Amino acid sequence: MSTNAELAAIFRETADLLDVLGERFKPEAYRRAARSIESLTEDLRAVAARDELRAIPGVGDAIAEKTREFLATGHVAYHDRLLKEVPPGLLEIVGLPGLGPKTARRFWTELAIEGPAELAAAIGAGRLTGVKGFGPKKIAQIRAALAARAASGPARRLPLEVAYPIATRLLAAVRGIPTVERAELAGSFRRAQETVGDLDLLVTSTRPEPVFDAFSELPEVRQVRLRGPTKETVLLDRDLQVDLRVVEPAAFGAALQYFTGSKDHNVTLRTLARDRGLKINEYGVFRGEERVAGRTEEEVYAALGLAWIPPELRVDRGEIAAAAHGPLPPLVTDPDLAGELHLHLSPRAPPAELAAALADAVARGYRYVGVVVAGTERDGTIFRLPPATLAAGPARAARTLEVHRVVEVGPGPPDPELAAVPCDYRLLRPVGPAPPGPPDGSVRGLVHLGFGEGGRPVAEGAAWIEAAARRHLAVEVGPGPERLDSNWARTAREAGASLSVPTGLGASGLDPTRPVALGFARRAGATPAEVANARPTAGLRGPSGR
DNA sequence: GCCGTTTTCGGCCCGACTGTTTTCAGTCG
């Protein structure tokens with residue numbers, strides 16, 4: 001887990017603890033800070049080093065101090081103290097669906113129940129029967145929640161790349177429902193957050209009932225959790241929760257805006273609306289009783305005097321103030337991509353695989369592809385793409401496509417065998433037994449870094465990025481433990497390094513690589529000019545100008 | 001605990017849904 005995610009989790013748990021203790025406003029303050037820190041596009045260490053913790057929305061003196069304490073010691077004493085005050089089992093009760101802090105506190109103070117096991121025992125012994133507020137349905141609901149938790153553990157947030165194929169398939173299925181006019185995914189998925197806790201589907205239809213009926217019957221849907229006139233909540237496999245909302249077409253833009261969030265972005269928007277004598281909610285922008293906007297998002301933002309804001313930037317970090325001054329710089333989009341700098345096939349891949357990937361590149365209108373022809377495996381051994389593979393693919397595509405030969409190298413002194421392989425540029429990758437260090441002078445092109453789990457330790461990130469920026473190298477960003485953690489993407493961009501977006505050449509339509517990488521690059525605020533493979537030629541520059 | 005063309009105190013988003021309720025409390029997003 002990244003530093004940011006770790007501290008966010010601590011603050012979130014602090015909020016739960018304060019909730020159970022009956023505290024009134026502090027819990028929301030800690031949650032707001034947790035959300036803010038989680039959605040940061042750079043590492044907390046970098047923010048703290050600039051002494052800018054207080055500039056993070058929701059972080060004041062007290063939370064900034066606790067953040068510094070965490071960065072220095074790895075824990076927060078206040079959090080530790082609260083953990084001693086509240087029985088740990090109560091937090092598990094708060095985490096059960098349908099149960100919150102108020103109920104957990106009542107169990108604790110009125111019934112001396114301190115955890116899920118005791119709760120289950122109390123229900124079994126009939127101790128909840130007749131207690132005010134606990135009717136038969138509520139008790140059955142708690143029993144079911146306890147059983148579900150025992151069976152599958154707490155619900156986990158899914159990495160965006162894992163959620164992508166699930167969400168895409170579900171969206172296609174919903175669009176196939178006859179009475180559905182329009183359907184879009186909203187929420188953290190649309191904002192390209194690193195992980196998603198649930199999926200938000202938004203649909204326009206004049207007849208919600210048949211939509212809910214058909215949705216409930218989809219093969220992916222395992223259980224219907226609740227259903228009202230405008231909203232249905234279901235569970236898929238892996239306990240992934242999906243909220244489906246049906247709105248009228250005249251409110252679609254407002255609803256899409258509202259359910260895309262982020263929560264903090266929306267709070268600031270609402271405040272802005274109020275200051276201008278307007279009211280904004282999921283049904284539109286209103287002046288008194290009159291709806292002045294709602295059909296499209298552009299219309300909603302315009303009614304507030306703002307340019308449209310891309311979902312990936314809706315994090316309440318100054319984007320609203322920027323949009324008040326005019327259109328925001330355009331973020332990189334899929335059609336901007338002009339090539340792939342890092343096509344890495346297995347050494348044992350048949351020649352047809354390279355041919356297929358290059359054909360895909362031609363079909364997409366790409367102008368160049370960098371094919372890895374040799375490199376170092378994880379275990380340190382050298383691999384080379386077979387000559388037959390190399391001969392087959394490029395020849396056919398050569399007329400419309402520049403094919404570059406790429407050699408992957410690890411940090412440290414170059415292996416003599418690899419150094420002898422002719423290539424157009426080298427790609428640096430932290431593989432092999434060599435100790436980590438900044439790229440040496442022989443690297444002319446692309447830095448492909450991994451941070452966090454499975455990659456380089458996060459603490460080294462800043463040094464690598466600085467070295468990459470100084471040498472005009474591009475830094476690859478995208479899903480997976482081997483690629484750049486998206487929290488570093490903004491740091492890399494702001495340091496002056498180009499980003500490189502992996503394009504998933506030759507993969508199926510459900511492959512998450514390209515859309516997720518694009519989302520991360522956009523979340524970092526990258527314009528087409530700042531993305532190396534959005535340039536018309538393989539725009540990699542080394543110290544010698546290549 | 002945070003925040004401010006409602007700034008140094010007094011507020012703190014709001015609507016949907018459920019269950020247990022004769023009008024509301026708790027949870028959720």
Side-chain angles (χ1 to χ4, degrees), chain A residues 11 14-37 53-67 76 78-79 82 93-107 128-142 144-145 155 186-189 191 196-202 208 212 224-233 241-247 251 254-255 258-277 279-284 286 316 321:
Chain A
F11 283 158
T14 302
D16 287 344
L17 291 161
L18 290 166
D19 251 338
V20 174
L21 288 168
E23 199 75 48
R24 297 264 282 139
F25 295 105
K26 286 186 193 182
E28 208 31 53
Y30 277 98
R31 272 190 200 105
R32 166 131 203 259
R35 286 197 304 272
S36 243
I37 287 169
L53 289 175
R54 287 290 319 270
I56 299 171
V59 175
D61 285 330
I63 289 183
E65 186 50 45
K66 291 180 176 72
T67 301
V76 177
Y78 180 61
H79 172 245
L82 293 176
I93 290 181
V94 173
L96 293 171
L99 294 183
K102 299 265 169 54
T103 316
R105 184 173 169 76
R106 284 194 61 201
F107 287 148
L128 250 58
T129 315
V131 178
K132 186 169 156 45
F134 295 98
K137 281 193 176 175
K138 190 80 196 170
I139 292 176
Q141 186 192 66
I142 297 171
S188 51
F189 182 88
R191 299 200 315 276
V196 299
D198 61 11
L199 294 175
D200 295 285
L201 265 166
L202 200 62
F212 289 136
V224 176
R225 193 173 252 180
L226 54 87
R227 176 170 169 173
T230 65
K231 168 187 169 175
E232 176 170 355
T233 296
Q241 181 172 313
V242 184
D243 294 330
L244 176 73
R245 291 182 173 81
V246 179
V247 300
Y258 184 87
F259 292 112
T260 296
S262 69
K263 187 171 182 160
D264 296 316
H265 175 91
N266 286 356
V267 168
T268 300
L269 228 49
R270 255 196 300 275
T271 309
L272 186 72
R274 200 179 47 192
D275 292 348
R276 301 188 177 194
K279 193 180 93 167
I280 178 172
N281 57 27
E282 60 264 56
Y283 303 113
F286 296 85
D316 194 30

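Here is how names work: the chains are called A, B, and so on, in the same order as the sequence lines, proteins then strands, and each is numbered from 1. Values below: all heavy atoms of this structure, side chains included; hydrogens, waters and symmetry mates excluded. Here the structure is a predicted model, which is why all the values come from computation and not from measurement.
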Which is true for [X] with a 4.0 Å heavy-atom rule: it touches a base, it touches only sugar-phosphate, or it touches nothing?
X      : answer
A:D61  : sugar-phosphate
A:I280 : nothing
A:K263 : base
A:K26  : base
A:F259 : nothing
A:P97  : sugar-phosphate
A:R274 : base
A:T233 : nothing
A:L99  : sugar-phosphate
A:R227 : sugar-phosphate
A:Y258 : base

Roughly how many Å apart are [M] and [N], using the [atom1] atom of each and rounding to a whole number?
N      : M      : atom1 : answer
B:dT23 : B:dG19 : C1'   : 14 Å
B:dC14 : B:dC9  : C1'   : 25 Å
B:dG11 : B:dC17 : C1'   : 28 Å
B:dG29 : B:dT22 : C1'   : 29 Å
B:dC2  : B:dT6  : P     : 22 Å
B:dC3  : B:dC13 : C1'   : 15 Å
B:dT7  : B:dC12 : C1'   : 15 Å
B:dA16 : B:dT21 : P     : 24 Å

How would you give the extent of chain A contacts on DNA chain B, as first and last nucleotide 5' to 3' within a 4.0 Å heavy-atom cut-off?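 Answer, 5' to 3': B:dG1 to B:dG29.
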
When the ring planes of A:Y30 and A:F11 are compared, do they come out parallel, tilted or perpendicular, using 30° and 60° as the limits?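 The arrangement is tilted - the two ring planes meet at 30° to 60°.
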
Under a 4.5 Å cut-off applied to non-hydrogen side-chain atoms, are A:R35 and A:D264 in contact?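 Side chain of A:R35 against side chain of A:D264, heavy atoms only: contact under 4.5 Å found.
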
Discussion item. Is there a side-chain contact between A:T103 and A:R106 in this structure, where contact means two heavy atoms from C-beta onward sitting under 4.5 Å apart?
Written reply: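 No - every pair of side-chain heavy atoms lies 4.5 Å or more apart.
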
Practice problem: Using a strict 4.0 Å threshold on nitrogen-to-oxygen distance, state whether A:D16 and A:R31 make a salt bridge. | Solution: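 Yes, charged N to carboxylate O under 4.0 Å.
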
- Taking A:R105 for its side chain and A:V20 for its backbone only, find out whether a donor-acceptor pair lies under 3.5 Å.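 Side chain of A:R105 to backbone of A:V20: a pair is present.
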
Has the side chain of A:T233 got a donor or acceptor atom that lies under 3.5 Å from a matching backbone atom of A:R225?
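No; zero donor-acceptor contacts below 3.5 Å.
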
Original post:
Taking the nucleotide of DNA chain B with the closest heavy atom to each, which residue, A:Q241 or A:P229, is nearer the 5' end?
Top reply: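 Comparing both residues, the 5'-ward one is A:P229.
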
*asked:* Using heavy-atom distances to pick each residue's nearest nucleotide on DNA chain B, tell me which of A:K102 and A:F134 is more 5'.
replied: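 Upstream on the strand: A:F134.
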
Checklist entry - Does A:R227 make a cation-pi contact with A:F212, if we ask for NZ or CZ under 6.0 Å from the ring centre and within 45° of the axis? => result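 The answer is no, since A:R227 fails at least one limit relative to A:F212.
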
### Task
Would you sort out whether A:L269 and A:H265 count as a side chain to side chain contact (heavy atoms under 4.5 Å, CB included), showing the intermediate values?
CA-CA 6 Å; A:L269 228 49; A:H265 175 91; 3.9 Å; yes

Query - B:dC2: pairing nucleotide in any strand, Watson-Crick or G-U under 3.5 angstrom - result: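 B:dG11 is the nucleotide pairing with B:dC2.
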
